[in-house]
Amino acid sequence: MGDVPPHRYTPALAQRIELAWQDRWEAEGTFHTPNPTGRLSEGFERVADRPKYFVMDMFPYPSGAGLHVGHPLGYLGTDATSRFRRMDGANVLHPMGYDAFGLPAEQYAVQTGQHPRVTTEANIAAIKVQLRRLGIDHDERRTFATIDPGYYKWTQWIFLQVFGSWFDEDAGKARRIAELVAELDAGTREPAPGTNDTGRPWAELDDVERRRVVDAHRLAYLHQAPVNWCPGLGTVLSNEEVTPDGRSERGNFPVFRRPLTQWMMRITAYADRLLEDLDRLDWSDSLKLMQRNWIGRSTGARIGFSCADQTIEVFTTRPDTLFGATYMVLAPEHPLVGTLTAAEWPDGTDPRWTGGAATPSEAVREYQRQASRRSELDRQDAGREKTGVWLGVSAVNPVNDRELPVFIADYVLTGYGTGAIMAVPGEDTRDWEFAEAFGLPVIRTVQPPADWDGGAWTGGGPMINSANDEISLDGLDKAEAIARITEWLVARGYGEATTTYKLRDWLFSRQRYWGEPFPVVYDENDLPVAVPDSMLPVLLPEVDDYSPKTFADDDADSAPEPPLSRATEWTTVELDLGDGPKKYRRETNTMPNWAGSCWYYLRYLDPGDDTQMVDPELERYWLGPRERGDVGGVDLYVGGVEHAVLHLLYARFWHKVLFDLGYVSSEEPFRRLVNQGYISAYAYTDERGFYVPAAEVVEEDGRFTFEGKPVNREYGKMGKSLKNMVTPDEMIAAYGADTLRVYEMSTGPLEQSRPWETKAVVGSQRLLQRIWRVIVDEETGAVRTADDAQPAEETLRALHRAIAGVRDGMATLRFNIAIARITELTNHLTQVHGADSAVPRSVAEPLVLLVAPLAPHIAEELWARLGHEQSLAWHPFPEADERWLVEDTVQVAVQVNGKVRAQVTVPADADAAALEAAARADERVAAHLDGKTVRRVVAVPGRLVNFVVG
RNA sequence: GCGGGAGUGGUGUAACGGCAGCCACGCCAGACUUAGGAUCUGGUGCCUUCGGGCGUGGGGGUUCGACUCCCCCCUCCCGCACCA
């Protein structure tokens, strides 16, 4: 054991410093953020003239799985940002809460045999300890969990606002349901299409019928439809929670379609606004694109084809190709299939069309059976051979009376458009493939290029073969042709221009225990009734068995059984809802776990407010638009890209409803959003393919060995199964939290994913040790700065360059470049001022402040040792002085034909002529120019000179 | 298949259209040391006949000048995927 100087910045010293400062921050309420009004407004006068800055992480889900060093990455990024903005003069709100309802928490609880509240709260406590140990500057007064009754009371309240609203298509916004009723009563509005099954006028309906009509308008409505039933989880799932191969995102269980009555949220009403407002957000293009794709708006036309005495409605984005339709296809599940199917095959039916069956109905039945069995699982295979059968009938093309045989085929999906298509093999690849397989004709209506060698031509070109007695599209381009034919179809009553979306309404019911109960009861007519606000929250009852009834994974015929339905004392309730005490039946489904995360950012503003969801004045202050046309919202929201379509779409939807109803002044919840990268790690397998502990693998000459035996290196997620997990606790024990923070932030821009490399962490520790040594004498512990010394000019330049660089890195979330500039400054100081030359205080102090957002504990400690009594958390961040950013003299490169041949030193303000003269005076340049003709000279002041010679 | 993003030393990365590789890891050498897995200093893209030459996935182009802009191609990652 050698002599470590007694006052070196060792891991042990780092621990002591960190724990002490964490205590002090808490005791002094250093990170308490004052609100402009209300119960958290103490101290606001201190920050009243500051701009506000609301920075947030996607809150964690305390699932109980172990935390590794990748988890805090985003939190460290927002923490550095929050600390920087606070020092730089903003009133910063940086809160944290916990998303604690939902499947994983419940599953973990089931595994451990404990009540989900017990395990969830224990997990939350564990995360809190870790966040505190990392030194994160959350305002702990504002924390909450979605399972707190004081929180979910307002989740339920928001549900009731959604339930109490309808979407007025004319106004393009949500309105109160009472206004709908008033307009229906007054006769100024008719029920929306599809909301009145009776077919009788509103005035003639009885109370129950009227309520059914009204309920069908609501933004939250009960709907019987095929849903994603997951027997393995014992619950239904939203479309967003089902993977493309028909499995649950959580748990990877098979999912089946089966009809059920469930709560839905009418997010489709907001499809256009959700799509269009993306343009107003400061989000990455890739994220916006994911949302655009999910919403999936496509414009086209709806066209009716008559077939027997029915009309087959199709949706197409290419009405211009209508003359090229040669057959039609319905989805196997299409409702008209039964009615349209002919009694028998006409003579001479192509055997490929019959599926080998004796009659059309037999063929249809068999094909439907196959299709349902195949379901989602291998429908994904786009390259599969096209299959289908003919119904034995033909429809008529309204444009030319051509007979179009009608097929069913599983390449047409029930859920999209109208579930039926007109097939145009000439211009659609899928239709071409089907036509090939079934021997159907092709009519080209777009002229393919001369060298086109067959197949569907989906590109542009002039229209051909597209004329009848009344209209000709020939020669037109696609856009004109679409406009012309749509006009014709509308005029003749054959169709209309229309828009469809991939986005479906949001399935909002879950047959689970661990979620928010619906604030809804059912009356004697089985119609839903809102629980009055005064009776919120509807508390989640205690039950003996909170685990859901699950089934064999593949038991498609099983039916959901919500755990709450077993709480028989709870499910029926006597209430007086204004017409005397009556018995009601409670809703036994619970909300999906997305509900709680849809609006939590609003609750941070004052989680203790029991009188309202959010104080409008606080919302305006923290989230309101900054200027006309601004969407408002959280100033910086950091989280994983996996929430691109789930949480972020749902939260935007709720926010817009709240905006329409006047509860919030901002149009969007998250103004700027950044997806932090992931930390991955190498993993190693031995010759048997088993994972070996990654920490014990050694590298020699590019070879990796474990216990002397060679192993294979893989790269993947960090976790127990790959035996490559590294925890924050281990790293903090070995280096301290500040080192871990600096290391994680130094490995790249926040958005970037990166590999973990434990052996590189020491570099960050060395940096902090050097900074420590700049200020503290390792032998005596005394502060060794020179209080009155004037820094050398060179040192001042280094300092101000560092300040400018750190500010740039902080603003752009590229903490790696901020750290690089701090390192440069530190290295400069250690070089200029060796062991016996003190660093001027006027340089040491700004250095400490620059480091503070990234390594706050060591910075506070050094700041205190420099004699400051106050925490530096609120101290102004250093400003770069332009004077020291510009050099008096600069080195410029001299190029000859673009190649650097020399460096010359010139005054910084030297003009082009002076630059050229200086360059020509350099002997190496002269040598390169000797005997050649200088054709052109490019001299950029302060940058370079380039001689173009011939 | 469609759409998006990215390819820079052994590694993570950095470079307003202007000196490619800042900073760090690793590696090499030295200093202080009984010692070094501490610390400090120096070096470290490749090739080289030591003049220099070549280098940002490949190939073209624009430009006095391209990692950066444009076109084609390759590879990897992400998203969507029979969406009419």
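Chain letters run A, B, ... following the sequence lines, proteins first, then strands; residues in each count from 1. From a predicted model like this one, the values you see are computed outputs, not experimental measurements. Below, each value reflects all heavy atoms present in this structure, side chains not excepted, and no hydrogens, waters or symmetry copies.
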Next item on the list: For nucleotides B/G26 and B/G12, find the distance between their P atoms and express it as a whole number of Å.
Entry: 15 Å
Checklist line | Partner set under salt bridge (Lys or Arg N to Asp or Glu O under 4.0 Å) for A/Glu642, not counting sequence neighbours | finding: none
Checklist line | Touch class at under 4.0 angstrom, heavy-atom based, for A/Ser746 against every strand present | finding: nothing
Check: Would you call A/Arg821 and A/Glu824 a side-chain contact if the rule is heavy atoms closer than 4.5 Å?
Finding: yes
Check: Mind checking the C1' distance from B/U11 to B/G45? Whole angstroms is fine.
Finding: 13 Å
Notebook entry, point to check: Hey, does A/Thr500 reach any base, or is it just sugar-phosphate, or nothing, if we go heavy atoms under 4.0 Å?
Noted result: nothing
Note to self: Please list all pairs meeting salt bridge (Lys or Arg N to Asp or Glu O under 4.0 Å) that have one or both residues in residues 937-947 of chain A, counting only residues at least two apart or in different chains.
What the structure shows: none
Item checked: Step-by-step salt bridge (Lys or Arg N to Asp or Glu O under 4.0 Å) determination, A/Arg901 to A/Asp922 -> CA-CA 10 Å; A/Arg901 297 300 179 182; A/Asp922 186 277; over 6 Å; no
Check: For RNA chain B, what are the stems built from at least three Watson-Crick or G-U pairs in a row, each pair having both distances below 3.5 Å?
Finding: B:1-7 with B:74-80, B:10-12 with B:23-25, B:26-31 with B:39-44, B:45-47 with B:52-54, B:57-61 with B:69-73
Check: Which glycosidic conformation, syn or anti, is assigned to B/G9 if syn requires a torsion within 90° of zero?
Finding: syn
Next item on the list: Would you give a per-nucleotide map of nucleotides 66-77 of chain B, 5' to 3', where B means the base has a protein non-hydrogen atom under 4.0 Å away, S means only the sugar-phosphate does, and - means neither?
Entry: ------------
Short heteroatom pairs, N/O only, protein and nucleotides 17-20 of chain B, under 3.5 Å:
from  : atom 1 : to       : atom 2 : distance (Å)
B/C19 : O2     : A/Gln903 : NE2    : 2.5
B/C19 : N3     : A/Gln903 : OE1    : 3.3
B/C19 : N4     : A/Gln891 : O      : 3.4

Checklist line | Non-neighbouring partners of A/Arg935 that pass salt bridge (Lys or Arg N to Asp or Glu O under 4.0 Å), sequence neighbours left out | finding: none
Notebook entry, point to check: So, is A/Arg754 near the phosphate of B/G12, with a side-chain N or O under 4.0 Å from OP1 or OP2?
Noted result: no
Note to self: Just so I know, are the side chains of A/Glu794 and A/His828 near enough to count as touching, which here means a heavy-atom distance under 4.5 Å?
What the structure shows: yes
For nucleotides 46-56 of chain B, tabulate all protein N/O to nucleotide N/O atom pairs closer than 3.5 Å, reporting atom names and distance.
from  : atom 1 : to       : atom 2 : distance (Å)
B/G53 : OP1    : A/Arg901 : NH2    : 3.4
B/G53 : OP2    : A/Arg901 : NH1    : 3.4

Notebook entry, point to check: Do the side-chain N or O atoms of A/Asn816 get closer than 4.0 angstrom to the phosphate oxygens (OP1, OP2) of B/C23?
Noted result: no
Margin query: With hydrogens left out and only the distance checked, is there a donor-acceptor pair under 3.5 Å joining A/Arg821's side chain and the base of B/C23?
Written below: no
Margin query: Can you pull out the residues from residues 287-298 of chain A that lie within a 4.0 Å heavy-atom distance of RNA chain B?
Written below: A/Leu289, A/Met290, A/Ser298
Margin query: Looking only at the side chain of A/Tyr416 (C-beta and beyond, no hydrogens), which of the listed nucleotides B/G26, B/C23, B/A84 gets closest?
Written below: B/A84
Next item on the list: Not counting sequence neighbours, which residues clear salt bridge (Lys or Arg N to Asp or Glu O under 4.0 Å) with A/Asp428? List them please.
Entry: A/Arg430
Notebook entry, point to check: Reckon A/Lys502 touches a base, only the sugar-phosphate, or nothing at all at heavy-atom distances under 4.0 Å?
Noted result: base
Note to self: Starting the side chain at C-beta, find the nucleotide from B/A84, B/C25, B/G12 nearest to A/Ala760.
What the structure shows: B/C25
Check: Got a sec, which pairs hit salt bridge (Lys or Arg N to Asp or Glu O under 4.0 Å) with one end in residues 748-758 of chain A, sequence neighbours left out?
Finding: A/Glu757-A/Lys759
Next item on the list: Give the nucleotide from the list B/A14, B/C25, B/C22 with an atom nearest to the side chain of A/Val762.
Entry: B/C25
List every contact pair, protein side and nucleotides 40-44 of chain B side both N or O, where the distance is under 3.5 Å.
from  : atom 1 : to       : atom 2 : distance (Å)
B/C40 : OP1    : A/Arg773 : NH2    : 2.7

Notebook entry, point to check: Is the gap between the ring centers of A/Phe407 and A/Phe434 under 6.0 Å?
Noted result: yes
Margin query: Within 90° of 0 counts as syn, otherwise anti: where does B/G43 fall?
Written below: anti
Next item on the list: Only counting residues at least two apart or in another chain, list the ones meeting ring pair (Phe, Tyr, Trp, His ring centres under 6.0 Å) with A/Tyr9.
Entry: A/Trp772
